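Everything numeric here is computed off the predicted structure, so don't read it as measured data. In this chain, numbering begins with 1 at the start of the sequence shown.
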Amino acid sequence: MIHNAGIMRPESVQNGATADAEAAVATNLLGPIRLNAALLPLLLKQPRATIMTVSSGLAFVPLAGTPTYCATKAAIHSYTQSLRYQLKDTSVQVLELIPPYVQTELMGPEMAKDPNAMPLKDFIAETMNILKTSPNALEICVERVKPLRFAEANGGYDAFFKTFNDAFAARTH
């Protein structure tokens, strides 16, 4: 089972609106939790099964303009770790796919052509190669997402966060 549904909408925390935030929580976080609850009894009966969650590099370095999306993906990362631990002695393997910024239509058609985003075909090819060559990997991280995934561990997180968000803001204004 692959949890790949998600919505990402820009939000201004100053306008007081919460509809987009609530929709993101329902889809990005509650969706996988509810689907696991419904299908886990069936998966546990299988000789081998896999649950793959899809978080985001933004779970580790949030994009300030999409705070709830980033928060739900951070929550999915945490949830995945707990799910993996609870299922460690079962036939169900738990993986986390951590994509970078990829050319998709997640935030509209223009995103699918953004030269700053990783081409979708390249992301798929690298992801499939990791799954094939590293069967014991619990986190699937293409090279392009590693600066985000390991920003905290590599030091200089605050500067990285500011530079990352400033660069995005400069492209969108």
Are Leu35 and Ile7 co-members of a hydrophobic cluster defined by side-chain heavy atoms under 4.5 Å apart? no
Measuring only between side-chain heavy atoms, which start at C-beta, is Leu148 closer than 4.5 Å to Phe164? yes
Please answer whether the main-chain N or O of Val92 pairs with a side-chain N or O of Thr90 as donor and acceptor at a distance below 3.5 Å. yes
Interatomic spacing from CG in Leu95 to CD1 in Ile2 - rounded to 0.5 Å: 9.0 Å
So OG of Ser55 and CD1 of Ile76: to nearest 0.5 Å the spacing works out to 8.0 Å
I'd like to know if the side chain of Arg84 reaches the main chain of Val94, judged simply by a donor and an acceptor atom lying under 3.5 Å from each other, with no hydrogens or angles considered. yes
Please report the C-alpha distance between Glu96 and His3 in whole Å, then the side-chain angles of each, then the deciding distance to 0.1 Å, and finally whether the side chain to side chain contact (heavy atoms under 4.5 Å, CB included) criterion is met. CA-CA 10 Å; Glu96 178 181 2; His3 296 294; over 6 Å; no
Working to the nearest 0.5 angstrom, can you tell me the gap between Met111 CE and Met8 CE? 6.0 Å
Taking all non-hydrogen atoms of both residues into account, name the closest pair between Pro32 and Tyr79 and its distance. O-OH, 4.4 Å
Note, Leu58 side chain near Tyr101 side chain (heavy atom, < 4.5 Å): no
Are any non-hydrogen side-chain atoms of Pro67 and Val13 less than 4.5 angstrom apart? yes
Inter-residue atom distance Thr68.OG1 - Glu11.CD, 0.5 Å rounding: 3.5 Å
Please assess Asp114 against Glu110 for the test side chain to side chain contact (heavy atoms under 4.5 Å, CB included), listing each intermediate value before the final yes or no. CA-CA 6 Å; Asp114 188 343; Glu110 65 283 349; over 6 Å; no
Minimum heavy-atom distance between Ala37 and Pro41, given as atom pair plus value: O-CD, 3.6 Å
Under 4.5 Å between any side-chain heavy atoms of Met1 and Leu43, yes or no? yes
Whether the Thr50 and Gln93 side chains hold a donor-acceptor pair (N or O, under 3.5 Å, no angle test) is what I'd like checked. yes
Just verifying a value: how many Å separate Leu87 CG and Ile51 CD1, rounded to the nearest 0.5 Å? 6.0 Å
I need the minimum non-hydrogen distance between Val54 and Lys73, along with the two atoms involved. O-NZ, 2.9 Å
Min side-chain heavy-atom separation Phe168-Asn116 under 4.5 Å: no
For Phe150, does the six-membered ring have the charged nitrogen or CZ of Lys146 within the cation-pi criterion, i.e. under 6.0 angstrom from the centroid and within 45° of the normal? no
Just by modelled atom types, is the Gln46 backbone N or O under 3.5 Å from a matching donor or acceptor in the Ser91 side chain? yes
How far apart are the closest heavy atoms of Ile130 and Cys141, and which atoms are they? CD1-O, 3.4 Å
Can Phe123 and Thr104 be said to form a side chain to side chain contact (heavy atoms under 4.5 Å, CB included), step by step? CA-CA 11 Å; Phe123 172 70; Thr104 67; over 6 Å; no
Which pair of non-hydrogen atoms, one from Glu126 and one from Glu143, has the smallest distance, and what is that distance? OE2-N, 2.7 Å
Between CG on residue Leu138 and CE on residue Met52, distance to nearest 0.5 Å: 11.0 Å
With distance as the sole test, does Asn165 use its side chain to make a donor-acceptor pair with the main-chain N or O of Phe161 at under 3.5 Å? yes
Can you tell if the side chain of Pro99 reaches within under 4.5 Å of the side chain of Val142, non-hydrogen atoms only? no
Quick one: does Asn36's side chain get under 4.5 Å of Leu83's, heavy atoms only? yes
Heavy-atom nearest pair, Arg144 first then Met118, reads NH1-CA, 3.3 Å
Heavy-atom side-chain contact between Glu139 and His77 under 4.5 Å: yes
Under 3.5 Å, side chain of Thr163 to main-chain N/O of Phe160, donor-acceptor pair present? no
Are Met107 and Val61 connected, step by step, through hydrophobic side chains (Ile, Leu, Val, Met, Phe, Trp, Tyr) whose heavy atoms are closer than 4.5 Å? yes
